[in-house]
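Values reported hereafter were calculated over all heavy atoms of this structure, with side chains retained and with hydrogens, waters and symmetry mates removed.
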Amino acid sequence: MVIVWVNGAFGAGKTTTARELLDLIPNSTLFEPEVIGAALPRLLPPKHLAEAGDDKDLGIWRRLVVDTAAALLAEVGGVLIVPVTLLRQEHRDEIFGGLASRRIPVCHVVLAPAETILRERIAAREAADGQDGELPVRQEASAHIEPYRAALADWLTADAYLVDSTALSPRETAERIAEAVRTGAAGVCEIVQTPQPSAETLAAGVLLFDEEDRVLLVDPTYKPGWEFPGGVVEPGEAPVAAGVREVAEETGLQLSVQPRLLVIDWEPPVPPGYGGIRLLFDGGRLPSDAAARALLPGPELRACRFVAETEAAVLLPPLRYERLRWALRARERGAPLYLEGGVPVG
């Protein structure tokens, strides 16, 4: 089972090409996530829906795309062809990572016709549609050209098979993609993702500081939101050793001293999560040359930065920030704290 994800700007011809691919890739099925977007007004309160600029900004859309794609493949097998635009790297990482956690590989294909072609297609649609109520759709298509250009110049093609379809018909474009999938030229997108927990987990994070006493935060590819370096403790592994191992794997930094415990936080289960014990350790202050040697970005991280506590409050999800806040207080006092849900107990 595999997914061929056809990405590109609005007007690139993704859906038309995807339908042509059905004739060229044996045992293939078309999945158009637009059906999920169409269902959201029946699922979400109007106010909640109105606050999102785009369906893709909604976590429920991204989760339903992953779950529906996995369910479709379980039902029909073979190859799933998915034509949809993803212009934000964190959305791509979350969706592809969720699929990877279900052991579903993704071949990422980007259609990249010349910008003049995109604008001509939008203009042609405007001329054909006239004043029939399609104006918001056309405006959305035009508004996505600049974000598409920015993504194309930055991350979009780093692990994707790029097809310049400027001079190609949809059939010719599909033939090129089908051949690339068959030969392996369109390889599997390498997204790191751990399997979804099925029970409470024990996780260890390590706080690292720069010479200005700012703390290092990382932006993982495998889950939304900023985080501390660290991860789940493996069976038979000491928590502090897990923290040191995760720091080395994520950043390339080898800690010379054993981190000391700052907080133990019991994270209550909130469906669909299972919660568990979260430990934060003090990894100490890094010299400037060590911080500069961090191997970023990599397969596990999009970015990292040293931040003051006030900036961490903006970047981190609320529970993680509370965990950090009390860890910093414990570091100042020289004594570890026990928390439940980010709140000190006892």
Distance-minimising heavy-atom pair for A178 and L21: N-CD2, 3.9 Å
Salt-bridge criterion met for E172 and R176 (N-O under 4.0 Å): no
Non-hydrogen atoms of Y161 and A185 that approach each other most closely: CD1-O, 3.7 Å
Heavy-atom neighbours of R62 CZ exceed 12 at 6.0 Å: yes
Cluster companions of V215 among Ile, Leu, Val, Met, Phe, Trp, Tyr (side-chain spacing under 4.5 Å): L207, F209, L217, W226, F228, L262, V263, L280, V307, L315, L316, Y321, L324, W326, L328, L337, L339
pair W5-L86: side-chain heavy atoms closer than 4.5 Å: yes
Heavy-atom side-chain proximity of P41 to L49 below 4.5 angstrom: yes
Short side-chain donor-acceptor distance under 3.5 Å, T17 and R171: no
More than 12 heavy atoms from other groups under 6.0 Å of CZ on R149: no
Close side-chain approach of C304 to T251, heavy-atom, < 4.5 Å: no
Nearest-0.5 Å distance, CZ of residue R245 to CD of residue Q254: 12.5 Å
Interatomic distance, Q89 atom CD to F96 atom CZ [nearest 0.5 angstrom]: 11.5 Å
4.5 Å side-chain heavy-atom contact, L30 and P83: yes
Nearest-0.5 Å distance, CH2 of residue W61 to CG of residue L44: 13.5 Å
Chi angles and distances behind the side chain to side chain contact (heavy atoms under 4.5 Å, CB included) call for D210, L216: CA-CA 8 Å; D210 67 3; L216 178 68; over 6 Å; no
Considering all heavy atoms, the nearest A12-S165 contact: O-OG, 4.3 Å
Taking every non-hydrogen atom, the tightest pair across D159 and H108: OD1-ND1, 3.8 Å
Pair L111-N7, side chain to side chain contact (heavy atoms under 4.5 Å, CB included): steps then yes or no: CA-CA 6 Å; L111 303 187; N7 201 351; over 6 Å; no
Electrostatic pair K56:E94 at N-O distance under 4.0 angstrom: no
Main-chain N/O of G342 paired to D265 side chain as donor or acceptor, under 3.5 Å: yes
K14 side chain near E32 side chain, heavy-atom distance below 4.5 Å: no
Exceeds 12 heavy-atom contacts within 6.0 angstrom, atom CD of E34: no
L24 reachable from V79 in the ILVMFWY side-chain graph, under 4.5 Å edges: no
ILVMFWY cluster, L152 and L118 together (side-chain gap under 4.5 Å): yes
Salt-bridge criterion met for R88 and D57 (N-O under 4.0 Å): yes
Pair R214 + E309, salt bridge at N-O below 4.0 Å: no
Passing option when P229 is tested against V247, L253, V244 for side-chain contact (heavy atoms from CB on, under 4.5 Å): V247
Side-chain heavy-atom pair I277, I264 within 4.5 angstrom cut-off: yes
Side-chain ion pair, R102 and D67, N-O less than 4.0 Å: yes
ILVMFWY cluster, V76 and F31 together (side-chain gap under 4.5 Å): no
Heavy-atom donor-acceptor pair, E237 side chain to E234 backbone, under 3.5 Å: yes
Any F10 side-chain heavy atom under 4.5 Å of Y148 side chain: no
Exceeds 12 heavy-atom contacts within 6.0 angstrom, atom CD of E75: no
T68 side chain near I36 side chain, heavy-atom distance below 4.5 Å: yes
Atom pair SG/CG of C107 and L80 - distance to nearest 0.5 Å: 12.0 Å
Full working for side chain to side chain contact (heavy atoms under 4.5 Å, CB included) between E311 and R305: CA-CA 10 Å; E311 187 178 0; R305 69 174 76 164; 2.9 Å; yes
Hydrophobic cluster identity match, V206 and V257, side-chain contacts under 4.5 Å: no
Closest non-hydrogen atom pair, A242 against V233: CB-CG2, 3.8 Å
D164 to P113 - nearest heavy-atom pair and separation: OD1-CA, 4.1 Å
Full working for side chain to side chain contact (heavy atoms under 4.5 Å, CB included) between L40 and L58: CA-CA 10 Å; L40 290 180; L58 294 164; 3.8 Å; yes
Nearest-0.5 Å distance, CZ of residue R260 to CZ of residue R331: 7.5 Å
Salt bridge (Lys or Arg N to Asp or Glu O under 4.0 Å) between E332 and R329, intermediate numbers included: CA-CA 5 Å; E332 294 168 356; R329 302 295 84 77; 3.2 Å; yes
E211/R285 salt bridge by N-O under 4.0 Å criterion: no
Spacing of CD belonging to E146 relative to CG belonging to L87, to within rounding of 0.5 Å: 11.5 Å
Same apolar cluster (I L V M F W Y, side chains within < 4.5 Å links), L73/V82: yes
